[in-house]
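Predicted model only: the values in this text are computed from it and were never measured.
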Amino acid sequence: MGRHRHEKAYLTAHDAGLTGCRQCGKVWPKDSTQCGRCGAHLQPVSTASLQRVWACWWAGLFCYIPANAYPMLRTNMLGSESNSTIMGGVIDLVGHHNYGIALIVFVASICIPIAKFIAVAYLALVVGKDKRAGGHPHLVIYEIVEFVGRWSMVDVFVVAILSALVQLGAIASIHPGPAAAAFALSVAFTMISAQSFDPRLIWRGPKVSSPPHD
Amino acid sequence: MNTTLDPAAYLACPHCDTLHHSKHLAATERARCARCDTLLIAPRARSFIHVIALSFTAMILMAGAIFFPFLKIDAQGFSNASSVFQAAMAFSDGLLLPLSIGVLAMIVGLPAVRFAALIYVLWPLTHGRPAYRHARTVFRLTEEMQPWAMAEIFIIGTAVALVKVAGLAHVSLGPAFWAFCALIIVTALKNSYMSSWTIWDAIATKKPI
Amino acid sequence: MTDTPQPADLQTAEPTRPMWTRLSVIWVVPLFALIVVLGVAWKGYSDRGVLVEIQFEDATGLKAGETTMKYRDVTVGTVETIGFSPDLQSVRVGVRVDKDVAGYIDDDARFWLVRPEVTVQGISRLDTVLSGTFIEGWWDSNVQGDMKSVYEGLDRTPITADPSKGTQVVLRARDAGGLAEGAPVMYRGLAVGKIQNLRLDEGGSGVLIDAFINEPYNSRLTTTTRFWDASGISVSLGASGVSLNMRSLASVIQGGVEFDTLATGGSFIQNGFPYQLYADEDTAKNSIFGGEFFEPARYTLLFDDPIQGIERGTKVQFRGVEAGEVTDLSIKVDEDSQGERFARQQVVISLSPERMGLQRDTDSAIVTDFLQSEVDSGLRARIAGVGLLGQTLIVELTDVPDQPAAEMKLDAEPYPTIPTAPPATSDLADSAKGVFTRIESLPIEELLTSATRMFDSVSAVAESEGTREIPQELAGTLSEIRTLIDGLNTRGAAEKTVDAIDEVTAAANSVLEQITGLDSMISSADQAAQTFAELPMGEIGGQVDLILQDLRRMLGSEDAEKLPRALSDTLEQTAGLLRDLREGGAAQKLNDTLLATQDAAGSIAQASDRLPNLTRELERLVTQAQGLVVSYGDRSNFNAEITQTMRDLRKTIDAVGSLARMIERNPRAFITGR
């Protein structure tokens, strides 16, 4: 039960000719298609699953473009309406010398999503070729992506709360812009993309780089 | 390789596919994946009853969070109050309506459904009775929903929004806000008591833990 | 084998664990949560305010859950429901009012909607454009009486939210004239209150206006206070010259009401005290009715003869004492015994009981009784001319001898009738042609007669024995007189009239002083006209324009459709106001008025310039004549004739003088034609 952070040969269910359920961890013979315990669909460890990853990755990326191009918030302050895109908001904040918040917004809304795209793409590209040696760092990347993915939705919630709360007649009112939906979709797609990624691929050796059909 | 392994004697880490020997753990023990350190099994003494109780708590808090006033903003004599429901419906204008529904589901719907589902699955198990029908499907869906239940993210979003609005106006927090905070804590507690392997085992063996 | 019963084994059972031991401590957590949540819910429920139902005509700008109710500008409640009254005629708004103030809401509570309003005084409550309409409430700090189940919302903002901070009185006027809602009430030029709620009285015979006078000025109100309409501009010509009365710009456009307490000794008044609103300051101060309004006794007079020259406001004399005025004129068509229709002039008069020797507030029935007995003893109503020249027509209630017996018809509509008699003067028809006609016919005739008589006298003197002894200077004088008389004779009548007016006006006190007064008045009128033309209208228009632009920019054109109706109304009103101000030409109107005034003043000034000639001539004549008399000592015949001449001359000058005084008393007639 030690914590073996560094590489050591482990027998995977796949290598043992078995299929592990990704849902409950129960191990089944190789050709089973459904987990007998939890009823989940059993997926063989295969790069074929990467297709879903890529599909959602592209979808997320496409959604990310309007999410940045369109305004996220329409702010109406004393009659002057301003549409702020994510990047515009950051520039505004810098203009107001709110470097702290600007940095937070920049990191949370721009860096992290982009890093996520890069990370998922990297993992998806790399798992097909790489050796087992890369396994552990890749797992860390994967875990970070999966963990951070949900938290990107914070932006959408912030927009929702601001829009619902700041309704002070003509003094100040905030309405969500189309980018909010695009951003939410983008986050959702990246989440699906990351979920679709089969982390077992990280540990799969090069020798089984093609689906082991007997 | 060794194709004669008995699947029933092993468990595979859902993350890295490493095979482990299956083993019945004592109530306070925890089992982790040898390679990737993912928590695999963590039975706790009377953990099911705790999960149920916390789920009940969470549902009560959720009811409060929905119906109590959430946030109120005051600026130069103007004021506006918003409930959690209104926050979710902020997108209900035209094309953004689906987003509104999605947000509502993420912050209220899915968490509530998950709590109810957990109670449904675990209730008979704590009393030594076989699981209810479809408990398997229900629990699997519950597990699949987990990443999409974002109540805790919502409360962080609230905090960020408050920071942004703080300079503009005075914001007062309503009871729903505190209910939501409590909900987050309760959910975290509940998660710490839950071990899906154990629950799967219990459902499959129809035996109480 | 044996069925012998065996002792039974003890049936033992595990002790049932009590229920509470089977329960996990963890259940304390949901229980605690439940208690807290229920506690919060109960607190919210028990702390929630009282629902006050208010009915309004419409719910423009009201939103359930958003619209607030304010008391002294503090939010004390929120609109919870918006529904309809059972008859669908009004909107019923349910307002959840905070518990701590709800207790004070009793019978006297009033509620109204606060929306942006555009008036000539400016745009008020512009804040509500931003914050949205809200409901304002007012109630006092006494807790007496219960909350009503439904309150009637006022359809407009009351003059003052807090009626304890002043006094509200009711003004009764003949018509609303130039008065508008919200016009100021002035006291010595200070705006001390407002009028509002202009409405017809029950009978439709006048207008009722609520006026609110703020503290501390309300202490000026007594029963002797008189109110008058201070709208616009007035020009008055007095002994000290001509003065231009113009209050604030707002009062020019919007009208205004002014009051003053003329006599001491009046008693202080209560809220809702009725006052008469007079047409102008002079009328107010000279009226025989007090400032206090009470329903005067009214009577109908039916005249067969034409009554041109009688108008509203014509004085009514009771046995020579001014006792009332004409309030209405109309034609009444009757049928005689043969069924023939004939028309009669119907004159409604109001009488002040006080002036007839009765108590001030005598009931009209008692006044009628009194008049009835007077009618029995020969009292009749008739039209008469008064004044030196007989040019002023009045209605006279006096004993007319040799009249057929008649009595009052008490059931006549609209008021009891007083029997009438034929006009007092035979030349009524002529005199009825109007003041100017009278001036034309009467004074000039008198002047001519006097002059002719003087001429005759002079001729007599000339023919008398001592004529030859008359020194050369007298001959000169006589020729001068002859020239004068000739001049008078040969000039056309109309010209004479004008001259007479000219001269008469000039004869008013201190010609020089008057001319100075005129000059300054003209220049001030000029200035005023210029000021109007150049300054305020343009600027105000520009300012309103700017405000409009600001507003539009502020609200963003894209959102314009979404703006609450109140706002679009506001914008429309603002635009309308602008249009009225610019196109309808308030400035133009003011200019016109001022021009007319200027013209009138100008002609007076001209008149004043030309005027002294005749007066001087006459004066010289008299002086010379006097010298003559003195120099001739006691030549009996001649002396007597000269004395007669002198007397005639004096008479002439007196006639001119009294005409002048009449003009002085009633100067507006020359300028405004009133």
Side-chain angles (χ1 to χ4, degrees), chain A residues 1-5 8 10-18 20-29 37-40 45 101 135-136 139 146 149-151 153-169 171-172 175-176 178 180-181 184 188 191 195 199-200 202-203, chain B residues 1-3 5 7 10-19 31-32 34-37 40 71 73 75-76 78-80 82 86-91 93 95-96 98-99 102-103 106-107 136-137 139-140 143 147 150 153-154 156-158 160-161 163-165 168-169 171 196-197 200 203-204:
Chain A
M1 287 288 134
R3 296 187 175 195
H4 300 279
R5 280 281 167 201
K8 182 181 164 188
Y10 286 101
L11 179 67
T12 63
H14 181 76
D15 293 342
L18 298 169
C21 174
R22 276 193 71 197
Q23 191 71 245
C24 66
K26 190 82 179 157
V27 180
W28 301 96
R37 181 161 72 162
C38 68
V45 182
I101 301 180
H136 216 275
L139 182 73
E146 235 203 346
R150 306 169 65 219
W151 288 91
M153 208 56 111
V154 155
D155 264 1
V156 178
F157 293 144
V158 169
V159 171
I161 292 163
L162 286 178
S163 312
L165 193 59
V166 185
Q167 292 294 342
L168 302 175
I171 277 213
H175 300 279
M191 275 175 72
Q195 281 171 23
R200 293 172 301 183
I202 293 173
W203 307 100
Chain B
M1 311 236 291
N2 191 352
T3 50
L5 290 174
Y10 302 95
L11 67 100
C13 170
H15 261 173
C16 64
D17 212 24
T18 307
L19 272 185
R32 288 179 179 274
R35 174 156 61 180
C36 67
D37 212 25
L40 295 178
L71 295 173
I73 185 173
Q76 290 147 50
F78 300 97
S79 71
N80 186 41
S82 171
Q86 279 172 321
M89 295 316 275
F91 299 111
D93 264 10
L95 289 175
L96 292 177
L99 179 57
V103 169
M106 285 190 284
I107 60 181
R136 214 173 64 161
T137 322
F139 188 62
R140 183 163 49 82
E143 289 287 276
M150 300 188 179
I153 300 176
F154 178 72
I156 299 297
T158 309
V160 174
V163 170
K164 282 192 171 181
V165 174
L168 176 77
V171 181
S196 20
W197 176 268
W200 281 125
I203 294 172

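Residue contact with chain A, scored on non-hydrogen atoms closer than 4.5 Å, is absent for B/Phe139. If you measure heavy-atom distances from B/Met106 to chain A, the contacts under 4.5 Å come from the side chain alone.
Distance check: A/Leu165 CG to B/Leu71 CG gives 5.5 Å after rounding to the nearest 0.5 Å.
Interface check for chain A: of the options B/Ala88, B/Ser82, B/Cys13, the most heavy-atom pairs under 4.5 Å are formed by B/Ser82. Residue with the most contacts toward chain B among A/Ala180, A/Pro176, A/Gly149: A/Pro176 (heavy-atom pairs, distance under 4.5 Å). Between chain A and the options B/Thr137, B/Leu99, B/Val171, B/Ile107, heavy-atom pairs under 4.5 Å are most frequent for B/Leu99.
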Evaluate B/Ile153 against A/Phe157 for side chain to side chain contact (heavy atoms under 4.5 Å, CB included), listing each step before the verdict. CA-CA 8 Å; B/Ile153 300 176; A/Phe157 293 144; 3.8 Å; yes
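Two residues are said to be in side-chain contact when any heavy atoms from C-beta on lie closer than 4.5 Å; B/Val160 and A/Asp155 fail this criterion. Looking only at side-chain heavy atoms (C-beta outward), B/Phe91 and A/Val156 come within less than 4.5 Å of each other.
Across all their heavy atoms, B/Gly157 and A/Val154 have their closest contact at CA-CG1, 4.1 Å. Nearest heavy-atom pair, B/Ala87 versus A/Ala164, reported as atom, atom and distance to 0.1 Å: CA-CB, 3.4 Å.
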